[in-house]
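Report on the structure given below.
These values consider heavy atoms only, across backbone and side chains, with no hydrogens, waters or symmetry-generated copies.
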Amino acid sequence: MANILIIDDEKSIRKTLSEILTYEGYKIEEAADGAEGYKMFQAKAYDAVLCDIKMPKMDGLEFLEKAKEINPDVPIIMVSGHGNIDTAVDAVKKGAFDYISKPPDLNRLLITLRNALDKTTLVAETKTLRKKVNKTPEMIGESNPIIKIKDTIHKVAPTDARVLVTGENGAGKELVARWIHAYSNRANGPMVEVNCAAIPSELIESELFGHEKGSFTSAIKQRIGKFEQASGGTLFLDEIGDMSLSAQAKVLRALQEGKITRVGGDKELSVDVRVVAATNKDLLKEVEEKNFRLDLYHRLSVILIHVPSLNDRREDVPLLVDYFLDTVCQEYGMARKTADKDAMKALQNHHWTGNIRELRNVVERLVILSGKTITADDVENYVVPNHEKKKATT
């Protein structure tokens with residue numbers, strides 16, 4: 001049932017509108033002037049407002065401006081017998097959903113109100129979907145390394161400093177990059193991800209910098225590269241240790257000058273990009289072996305963040321298991337399962353070769369195959385590989 005606020009200094013108008021809208025199934029509250037209506041609007045959430053313009057203490061246009069500052073998503077329909085076209089235009093410019101003259105045509109009023117409420121519903125659904133799409137996963141853990149990482153992120157994120165994230169596969173390097181972007185001044189801009197290890201070396205330059213039509217055999221049209229796509233936001237270069245030396249040289253130039261050139265082009269393009277890079281390799285060792293440029297390493301590593309393996313933060317395993325039990329059970333539409341103390345201890349003692357990624361898969365497996373409560377036997381049967389069991393018995 002939609003909650004409607006009617007603001008009008010004429011008691012007869014309020015009574016008439018209230019009776020009609022109550023009959024239509026709406027919940028109605030009334031205010032005798034703009035000031036009273038503003039106090040009610042501040043104190044409570046309404047789905048829509050019907051507001052007169054000429055009122056004592058605070059007129060409708062002043063109410064409209066102040067109400068939009070509090071909640072711009074609530075549709076406000078102006079209803080007045082003193083207005084003209086200029087007044088209507090002024091009201092709409094200030095954010096009114098619509099303007100209706102007194103005495104109002106009831107059919108038009110009801111249609112306008114339904115449209116306003118439909119818009120409110122769409123706005124709310126859109127915000128919910130955006131939150132689901134854009135929501136950055138939580139960083140679960142209370143161990144000292146995780147606390148240190150969170151603290152570093154909160155200090156670094158608001159700056160444009162480049163960050164190099166290191167750690168084993170599956171440890172959570174991408175999550176660190178997402179947090180840096182989410183808490184940065186570029187959060188409203190794009191975050192573009194590139195897995196340097198997944199792109200063939202002959203295509204990496206085209207992927208990063210784009211190409212002009214006809215620049216090579218398969219270039220049948222112009223392509224915008226990841227640097228341009230990420231302009232105004234963050235570019236996450238995952239597994240940068242696998243990037244070719246020629247591409248490294250171009251990335252270095254882009255970081256130094258803030259400019260790129262598409263493959264096959266001669267025009268320089270300015271890009272405003274913050275780069276966060278990640279690798280599971282020892283880049284200094286790669287430098288010694290002539291596989292990685294030292295000058296690029298220093299450009300990327302203004303801030304260094306090392307993500308520990310799950311084996312180095314076993315105290316976080318129970319928190320992570322509980323988190324994944326919540327998310328997996330929700331995804332499958334199942335009742336929430338729990339893990340008993342022995343099962344949790346067995347998971348803590350397990351050797352995690354795939355880190356957080358492996359743990360998430362293991363919890364999903366246990367949710368599917370175990371009963372309401374996950375036991376140590378379930379961990380033994382569904383988690384511990386056969387070769388580890390054989391070692392334990394010999």
Item checked: Derivation of the side chain to side chain contact (heavy atoms under 4.5 Å, CB included) call for Tyr38 and Ile70 -> CA-CA 10 Å; Tyr38 182 61; Ile70 296 173; 3.5 Å; yes

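- A donor-acceptor pair is defined here as one N or O able to donate and one able to accept, closer than 3.5 Å; such a pair exists between the side chain of Lys337 and the backbone of Val367.
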Next item on the list: Under the side chain to side chain contact (heavy atoms under 4.5 Å, CB included) rule, what do Arg178 and Glu193 come out as? Steps first, then yes or no, please.
Entry: CA-CA 10 Å; Arg178 287 186 173 277; Glu193 301 177 29; 2.5 Å; yes

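- Within a 6.0 Å sphere centred on CG of Asp266, other residues, nucleotides and ligands contribute 12 heavy atoms or fewer.
- The shortest non-hydrogen separation linking Pro308 to Ala171 is O-CB, 3.8 Å.
- Using a distance-only test at 3.5 Å, with no hydrogens or angles considered, a donor-acceptor pair links the side chain of Ser231 to the main chain of Asp272.
- Distance CD/Glu30 to CD1/Ile7: 11.0 Å, rounded to 0.5 Å.
- Under the 4.5 Å side-chain criterion, counting only non-hydrogen atoms from C-beta, Val192 is not in contact with Val273.
- Using a 4.5 Å heavy-atom cutoff, the side chains of Met40 and Lys44 are not in contact.
- Around the CG atom of Asn144, the shell of radius 6.0 Å holds no more than 12 heavy atoms that belong to other residues, nucleotides or ligands.
- For the pair Trp352 (side chain) and Leu347 (backbone), a donor-acceptor distance under 3.5 Å is present.
- A side-chain donor-acceptor contact under 3.5 Å links Asp378 and Thr375.
- A donor-acceptor pair under 3.5 Å is absent between the side-chain atoms of Glu212 and the main chain of Gly265, judged by distance alone.
- Listed by chain and residue number, Phe63 satisfy the ring-ring contact (aromatic ring centres under 6.0 Å, His included) test with Phe41 (two or more places apart in sequence, or in another chain).
- When atom types are taken as modelled, the side chain of Asn355 and the backbone of Leu310 share a donor-acceptor pair closer than 3.5 angstrom.
- We find the CD-OG1 distance between Glu10 and Thr16 to be 10.0 Å, quoted to the nearest 0.5 Å.
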Note to self: Assess the residue pair Val163 and Arg274 against the criterion (side chain to side chain contact (heavy atoms under 4.5 Å, CB included)); give the C-alpha distance rounded to whole Å, side-chain angles, the decisive distance to 0.1 Å, and a yes or no.
What the structure shows: CA-CA 9 Å; Val163 182; Arg274 182 195 195 161; 4.0 Å; yes

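- Closest non-hydrogen pair, Lys267 versus Thr261, comes out as O-CG2, 3.8 Å.
- A donor-acceptor contact shorter than 3.5 Å is absent between the side chain of Lys213 and the backbone of Arg223.
- Ile6 has its side chain out of reach of Ile13: every pair of non-hydrogen atoms, C-beta onward, lies at least 4.5 Å apart.
- Looking at Leu255 and Leu300, their side chains come closer than 4.5 Å, going by heavy atoms from C-beta outward.
- Grouping the Ile, Leu, Val, Met, Phe, Trp and Tyr side chains by contacts below 4.5 angstrom, directly or via other members, places Leu294 apart from Val302.
- Contact between Asp316 and Ser143 at its shortest, heavy atoms only, is OD2-OG, 2.5 Å.
- The structure places NE2 of His351 at 5.0 Å from CG of Asn311, a figure rounded to the nearest 0.5 Å.
- Around the CD atom of Glu142, the shell of radius 6.0 Å holds no more than 12 heavy atoms that belong to other residues, nucleotides or ligands.
- If you run side-chain contact (heavy atoms from CB on, under 4.5 Å) between Leu164 and each of Ile303, Leu283, Ile305, only Leu283 comes through.
- Under 4.0 Å is where a charged nitrogen must lie from a carboxylate oxygen, and between Glu168 and Lys173 no such pair does.
- Closest approach of Asp33 and Lys57 over heavy atoms only: OD2-CD, 3.6 Å.
- Ion pair Lys155/Asp151 flagged as a salt bridge, since at least one NZ, NE, NH1 or NH2 atom sits closer than 4.0 Å to an Asp/Glu carboxylate oxygen.
- Pairing each heavy atom of Met78 with each of Ile53, the nearest pair is CE-CG1, 3.8 Å.
- Residues satisfying the ring-ring contact (aromatic ring centres under 6.0 Å, His included) criterion with His181, sequence neighbours excluded, are absent altogether.
- Among all heavy-atom pairs drawn from His211 and Ser206, the shortest one is ND1-OG, 2.6 Å.
- At a threshold of 4.5 Å between non-hydrogen side-chain atoms, the residues Cys51 and Leu64 do not count as touching.
- Residues Leu117 and Ile4 meet the side-chain proximity criterion, which asks for heavy atoms closer than 4.5 Å.
- Residues passing the side-chain hydrogen bond (donor to acceptor under 3.5 Å, both in side chains) test with Glu24: none are found, sequence neighbours excluded.
- Checking side-chain atoms of Ser244 against main-chain N and O of Ala247 turns up a donor-acceptor pair under 3.5 Å.
- When the ring-ring contact (aromatic ring centres under 6.0 Å, His included) test is applied to His154, the partners found at least two apart in sequence or on another chain are Tyr183.
- Between the side chain of Arg365 and the backbone N or O of Tyr382 there is at least one donor-acceptor pair closer than 3.5 Å.
- Checking side-chain atoms of Glu228 against main-chain N and O of Ile224 turns up no donor-acceptor pair under 3.5 Å.
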Show me the donor-acceptor pairs, under 3.5 Å and distance only, between side chains in residues 235-243 and residues at least two apart or in other chains.
residue	atom	partner	partner atom	Å
Asp242	OD1	Lys281	NZ	3.1

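- Between the side chains of Glu364 and Tyr332, at least one donor N or O sits under 3.5 Å from an acceptor N or O.
- Side-chain atoms of Arg162 never come within 3.5 Å of backbone atoms of Val275 as a donor-acceptor pair (strictly under, hydrogens ignored).
- Using a 4.0 Å cut-off between a side-chain N of Lys or Arg and a carboxylate O of Asp or Glu, Arg360 and Glu331 qualify as a salt bridge.
- Between the side chains of Thr373 and Asp340, no donor-acceptor pair of N or O atoms lies under 3.5 Å.
- The ring-ring contact (aromatic ring centres under 6.0 Å, His included) test applied to Phe227 returns Phe209, not counting sequence neighbours.
- A salt bridge is absent between Lys54 and Asp59: the closest approach of a Lys/Arg side-chain nitrogen to an acidic carboxylate oxygen does not fall below 4.0 angstrom.
- By the 4.5 Å heavy-atom criterion applied to side chains, Met344 and Ile374 are not counted as neighbours.
- For the pair Ser246/Glu205, a side-chain contact is recorded, criterion being any heavy-atom separation below 4.5 Å from C-beta on.
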